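So that we are looking at the same thing, I have put the structure below in structure tokens.
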Amino acid sequence: MHGQAEEWRREGRSVGCVPTMGYLHEGHLSLIRQARRETDRVAMSLFVNPTQFGPTEDYTTYPRDIEADCAKAEKAGVDAVFLPPVEEMYPPGYSTCVEVTGLSDLWEGTSRPGHFRGVATVVTKLFQIMKPHRAYFGQKDYQQALVIHRMAEDLDMDLTVVVMPTVREADGLAMSSRNAYLSPEEREAAQILPRTLRRAGELIQAGERDARALHDALVAFIRSEPRATVDYVAVCHPETLTPLTHLTDQALIALAVRIGKTRLIDNNLLTVGAPPVDSHNRPVPPAIP
Ligand code: AMP
């Protein structure tokens, strides 16, 4: 892969890279297609990275289908698939990691200690190997994209991080390889995630500006679905990810919810704008039943 990327660069071609853990869906393919539009050569990595999974997480059961993935990748316009064995990425004696402090400690980082260290380290290695001019990530993993963007800037990595919108199923559920774990009943219950994000938009539109009140309303809303357990609901600043107290300008709403044993995440970036007022210019309180 390294030799191929170097050859492309020597030929004067721009290189796009799409890191994935495989079990490809339209979300992944949207990144590939964007890379295809913006760069001369597209490399996709397919690597279920053990170091970003916690000891009790789903590393061993993570869905895998390499042949189907390669066929989909080729059809979407990938020029090379990088499929390294774990021992090649982390040979005996491997000792180095990359840690993006601060951003990695919140939300997903709190729920999954060490997760972003694993992500930042493997993505650094993938960048070294695939030598991209542009690297493509999905907004579905908003915090991950922010961590990688920070890392690329801090470590003077000579590439552009591109973040593409979340691709959703017809009913709004964000596409995810982990959706494959859901039973039909759980798949139905999983609609609570996009519904909660819609609810957040409605509450803000109706005038809610108190971040705590919004958070509590969203938690209660998720709890109305018996199969759902809230991991976190973040009402936070879109760049620093620190919790907001009062909503102005823009707010990131990010959720982690367990449906049965499956942990799903989703998020939406909302523009807050001015609160609604009545004919006497008095603020109208939110009135969503
Ligand atoms: P994964 O294979 O889950 O590690 O995801 C690989 C890349 O695809 C990451 O940059 C994800 O953010 C992105 N991705 C995953 N799901 C979606 C989606 N539904 N829409 C857009 N991008 C996605």
Side-chain angles (χ1 to χ4, degrees), residues 16-38 42-54 57-59 61-66 68-70 72-73 76 78 81-84 86 89 100 103 107-108 112 115-127 130 132 134-152 159-182 187 190-191 193-194 197 252 254-257 262-269:
C17 102
V18 182
T20 82
M21 299 203 299
Y23 216 68
L24 301 187
H25 51 65
E26 276 300 315
H28 298 111
L29 300 182
S30 74
L31 307 184
I32 296 171
R33 294 195 193 105
Q34 188 68 11
R36 187 72 279 164
R37 284 191 280 272
E38 294 182 349
V42 179
M44 181 188 87
S45 60
L46 205 168
F47 181 61
V48 185
N49 174 39
T51 69
Q52 70 190 67
F53 288 80
E57 293 181 359
D58 56 344
Y59 172 65
T61 54
Y62 196 82
R64 291 162 166 91
D65 189 343
I66 290 170
D69 285 347
C70 289
K72 287 180 193 169
V78 162
V81 177
F82 178 51
L83 230 165
V86 173
M89 290 295 269
V100 180
L103 272 182
W107 313 117
E108 281 298 284
R112 307 182 67 189
H115 171 67
F116 287 120
R117 188 190 313 120
V119 169
T121 303
V122 80
V123 170
T124 300
K125 284 174 67 70
L126 293 171
F127 285 173
M130 299 164 93
R134 297 171 77 78
Y136 294 81
F137 296 88
Q139 193 197 317
K140 156 79 183 353
D141 300 277
Y142 187 102
Q143 187 173 4
Q144 168 175 278
L146 215 56
V147 164
I148 289 164
H149 193 268
R150 179 81 261 156
M151 173 187 88
L159 54 85
T160 303
V161 173
V162 182
V163 182
M164 296 298 292
T166 303
V167 177
R168 296 177 179 281
E169 303 285 357
D171 66 355
L173 181 67
M175 290 195 183
S176 164
S177 307
R178 290 192 169 98
N179 292 349
Y181 296 142
L182 301 170
R187 172 64 186 78
Q191 287 183 23
L193 281 94
L197 295 174
L252 177 76
L255 318 171
V257 175
T262 304
R263 186 173 179 280
L264 301 175
I265 58 170
D266 201 352
N267 68 80
N268 197 14
L269 191 57

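One-based numbering, in listed order, for ligands and for the atoms of each. Just so we're clear, the structure is a prediction, and the values are computed from it rather than from any experiment. Keep in mind that the numbers below use all heavy atoms, side chains included, and drop hydrogens, waters and symmetry copies.
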Any donor-acceptor pair under 3.5 Å linking the side chain of Q139 with the backbone of V163?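 No; zero donor-acceptor contacts below 3.5 Å.
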Considering heavy atoms of the protein only, find what lies nearest to atom 4 (O) of ligand 1 and give residue, atom and distance to 0.1 Å.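 Protein heavy atom at minimum distance: M21 CG, 3.5 Å.
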Considering heavy atoms of the protein only, find what lies nearest to atom 16 (N) of ligand 1 and give residue, atom and distance to 0.1 Å.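 Atom 16 (N) of ligand 1 sits closest to the protein heavy atom H25 CE1, 3.2 Å.
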Nitrogen or oxygen of F137 less than 3.5 angstrom from that of ligand 1: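 Between F137 and ligand 1, no N or O pair is found under 3.5 Å apart.
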Looking at L252, is its backbone amide N or carbonyl O close enough to the side chain of N267 to form a donor-acceptor pair, meaning the two atoms are under 3.5 Å apart?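 No, N267 side chain to L252 backbone: no donor-acceptor pair under 3.5 Å.
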Among P165, G138, G27, A174, closest by any non-hydrogen atom to atom 10 (O) of ligand 1: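 Ranked by closest heavy atom to atom 10 (O) of ligand 1, first place is G138.
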Heteroatom proximity flag, P19 to ligand 1, N/O under 3.5 Å: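 No, P19 has no N/O under 3.5 Å of an N/O on ligand 1.
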Sort out for me which residue in I32, V78, L24 forms a side-chain contact (heavy atoms from CB on, under 4.5 Å) with K72.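 Of all the options given, the one that passes is L24.
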Does T166 reach ligand 1 with a nitrogen or oxygen that is under 3.5 Å from one of the ligand's nitrogen or oxygen atoms?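 No - when backbone and side-chain N and O of T166 are compared with those of ligand 1, no distance drops under 3.5 Å.
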One residue to check: L31. Relative to ligand 1, which of side chain, backbone, both or neither has a non-hydrogen atom less than 4.0 Å away?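 The answer is the side chain.
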Residue and atom name of the nearest protein heavy atom (relative to atom 5 (O) of ligand 1), distance in Å to one decimal: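 Here the nearest protein heavy atom works out to H28 NE2, 3.4 Å.
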Quick one: does D141 get an N or O within less than 3.5 Å of an N or O on ligand 1?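 Yes.
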Numbering the atoms of ligand 1 from 1, which are under 4.0 Å from a heavy atom of M175?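 Once the distances to M175 are compared, the set is 16 (N), 17 (C), 18 (C), 19 (N).
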Under 3.5 Å, side chain of D58 to main-chain N/O of F53, donor-acceptor pair present?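 Checked: no pair found.
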Holding to salt bridge (charged side-chain N to carboxylate O under 4.0 Å, His left out), I want the full list of residues that pass it with R64, two or more places apart in sequence or in another chain.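 Salt bridge (charged side-chain N to carboxylate O under 4.0 Å, His left out) list for R64, sorted by chain: empty.
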Short question: side chain of K140, backbone of G27 - any donor-acceptor pair under 3.5 Å?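 No; zero donor-acceptor contacts below 3.5 Å.
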Quick one: list whatever passes salt bridge (charged side-chain N to carboxylate O under 4.0 Å, His left out) with D65, sequence neighbours left out.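 By the salt bridge (charged side-chain N to carboxylate O under 4.0 Å, His left out) rule, D65 matches no residue at all.
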Any idea which part of M164 is under 4.0 Å from ligand 1, heavy-atom wise: side chain, backbone, both or neither?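 No part of M164 is near ligand 1 at this cut-off.
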Of the non-hydrogen atoms in C17 and P19, which two are nearest, and what is the gap between them?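 Looking at all heavy atoms of both residues, the closest pair is O-CD, 3.7 Å.
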With no hydrogens and no angle check, is any side-chain donor or acceptor of T166 less than 3.5 Å from a backbone partner on A174?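 Absent.
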Return the closest protein heavy atom for atom 20 (N) of ligand 1 as residue, atom name and distance.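 That would be V167 N, 2.8 Å.
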Residue, atom name and distance, where the atom is the protein heavy atom closest to atom 3 (O) of ligand 1: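 Answer, as residue, atom name and distance: Y62 OH, 3.9 Å.
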